[in-house]
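Worth saying up front: this structure is predicted, and the values here are computed from it rather than measured.
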Amino acid sequence: MRKRLQNKIAESRYTLTFVALYALAVWYLAGLVEHQYYVQLACFTIGSYLMVELNNANALIRIFSRMISSAFVALVAMSTFLFPSLRAALVTLCFISFYTILFHTYQDRQAPGLTFYAFFTLGIASVMFPQVVFFVPFVWLMMAFWLMAFSWRMWFASLLGLLAPYWFIVPWYLYQGLGHRLTAHVESLITFHPLPTIGTVGGIPIGILLAFAVVFTVGFIGIVHFLRNASKDKIRTRMLYYIFISMHLLTTVFIILQPQHFEALFGFLIVNASALFAHFVALTNTRFTNIAFFVITLLVLALTGYNLWLV
């Protein structure tokens, strides 16, 4: 098979190092020192490492490639508007941790411990972003049909994990006389903004709209490629990618219907899009896909520069 430049980049052992140095420069130019984004950078660094582990532990790409983590790093670096948000950084890290732990339960209905820890990360995310619980029923379905790791014990363990952070938070809030914050936290789950219209969308900064368009598009390209070539992957890999696909589409719909949650959800959209797009880049080698890869790379670089200019 002829290796084009996209394949050489995808398979290179130096790609992730180069992209990481590039991202660090972007963080610095975006005000890392001036605004002290150190905690956010730490979450990003840990998340990037976990993306490497997610790929290694599950063989998400059937050749050696660091493209999943490289795509994640590049897309987050593009989204400089997320850097000030500690909530976005922590929620994204929790979602990556959730995948990293949950995927180990594949075909294991007797892994309540792993299930507890996986959903514990979602519980932590829900403290900062309560709407995380809307994903939980879909996750249960995915555990049942694609991970084949669902049982009453697993379901009960997931509930315990999801509620575990509140075992500590609720008594503390009550002790501090902050019960109203708990009430507001619960009420936020049933508070929905009106569906966006053309006028309201027009008020969103162009940099954010373009970033959303790019991330959704690269994810969609990855979805089309994977569905056309799924038979070439092992069954386990297919099941995991069906989860990425479903979560990518669900998160996209969530953002479109309730864009006020964009900040908290966009990092998770990047996680899913990175896995899907990396599969496309690493496992295609036509002239068209080579051109598409470089066009998308230039778009990401241009948008990164544009968002930096707006900082």
Side-chain angles (χ1 to χ4, degrees), residues 30-31 35 37 39-40 43-44 47 72 75-99 119 121-139 162 165-166 169 173 178-220 244 246-274 303-304 306-308 310-311:
H35 301 294
Y37 296 149
V39 178
Q40 293 93 319
C43 291
F44 168 66
F72 172 76
L75 291 175
V76 171
M78 175 189 73
S79 310
T80 57
F81 46 82
L82 290 181
F83 292 3
S85 175
L86 180 58
R87 182 178 76 152
L90 290 171
V91 169
T92 302
L93 178 58
C94 285
F95 273 121
I96 299 173
S97 302
F98 171 71
Y99 274 160
F119 279 83
T121 63
L122 285 190
I124 294 174
S126 73
V127 172
M128 299 166 284
F129 178 52
Q131 287 75 14
V132 162
V133 300
F134 293 137
F135 287 104
V136 172
F138 296 102
V139 173
L162 194 63
Y166 295 94
I169 293 172
Y173 270 38
L178 299 174
H180 62 283
R181 291 191 179 181
L182 294 173
T183 303
H185 189 76
V186 175
E187 288 178 348
S188 67
L189 292 174
I190 56 174
T191 302
F192 298 94
H193 289 205
L195 296 180
T197 62
I198 297 298
T200 57
V201 171
I204 300 175
I206 187 66
I208 293 178
L209 285 175
L210 288 175
F212 174 72
V214 167
V215 173
F216 172 75
T217 300
V218 299
F220 184 75
F244 288 132
S246 300
M247 285 299 198
H248 183 72
L249 297 177
L250 283 171
T251 307
T252 299
V253 172
F254 199 154
I255 290 174
I256 291 173
L257 294 181
Q258 295 290 289
Q260 71 274 15
H261 299 309
F262 177 87
E263 171 203 326
L265 286 170
F266 192 58
F268 185 43
L269 190 70
I270 289 176
V271 171
N272 295 294
S274 299
L303 191 51
T304 303
Y306 178 77
N307 285 329
L308 274 175
L310 292 179
V311 171

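- Within the structure, side chain to side chain donor-acceptor pair (under 3.5 Å) pairs that include any residue of residues 81-97 comprise Ser85-Glu263 (at least two apart or interchain).
- Here the straight-line distance linking atom CG of Leu75 with atom CG of Leu82 works out to 11.0 Å at 0.5 Å rounding.
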Full working for side-chain contact (heavy atoms from CB on, under 4.5 Å) between Phe216 and Ile255: CA-CA 11 Å; Phe216 172 75; Ile255 290 174; over 6 Å; no
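- Considering every non-hydrogen atom in both Phe129 and His261, the closest pair reads CE1-ND1, 3.5 Å.
- Taking each heavy atom of Met247 and Phe135 in turn, the nearest pair found is SD-CD2, 3.9 Å.
- Between Phe212 and Ile256 there is a side-chain heavy-atom pair separated by less than 4.5 Å.
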side-chain contact (heavy atoms from CB on, under 4.5 Å) assessment of Phe254 paired with Gln131: CA-CA 10 Å; Phe254 199 154; Gln131 287 75 14; 3.7 Å; yes
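- Of all the heavy atoms in Ala30 and Phe83, the pair that sits closest is CB-CD2, 3.5 Å.
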Tyr306 vs Ile206, side-chain contact (heavy atoms from CB on, under 4.5 Å): CA-CA, chis, key distance, verdict: CA-CA 10 Å; Tyr306 178 77; Ile206 187 66; 2.7 Å; yes
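- In terms of heavy-atom proximity, Ala125 sits nearest to Val91 at O-CG2, 4.2 Å.
- In this structure, OG on Ser126 lies 8.0 Å from CE on Met128, to the nearest 0.5 angstrom.
- Between atom CG of residue Leu93 and atom CD of residue Gln40 there is a gap of 12.0 Å, rounded to the nearest 0.5 Å.
- For the atom pair CZ (Phe81) and CZ (Phe266), the distance works out to 4.5 Å, reported to the nearest 0.5 Å.
- The CG atom of Leu265 lies 11.5 Å from the CD1 atom of Ile270; values are rounded to the nearest 0.5 Å.
- Contact check for Phe98 versus Val139: side-chain heavy atoms found under the 4.5 Å cut-off.
- Annotation for Leu303 and Gly207: closest pair CD1-O, 4.2 Å, computed over non-hydrogen atoms.
- Residues Phe134 and Leu250 have side chains not in contact (no heavy-atom distance under 4.5 Å, counting atoms from C-beta outward).
- When atom types are taken as modelled, the side chain of Asn307 and the backbone of Ser79 share no donor-acceptor pair closer than 3.5 angstrom.
- Not counting sequence neighbours, the partners of Phe244 by the side chain to side chain contact (heavy atoms under 4.5 Å, CB included) test are Leu54, Leu60, Tyr99, Phe103, Tyr241, Asn272, Ala275, Leu276.
- Counted within 6.0 Å of CZ on Phe138, heavy atoms from surrounding residues, nucleotides or ligands total 12 or fewer; the atom is thus considered open.
- The two residues Gly123 and Pro165 have their closest heavy-atom pair at C-CG, 3.5 Å.
- More than 12 non-hydrogen atoms from other residues, nucleotides or ligands lie less than 6.0 angstrom from OH of Tyr166.
- Rounded to the nearest 0.5 Å, atoms CG (Leu90) and OG1 (Thr121) are 12.5 Å apart.
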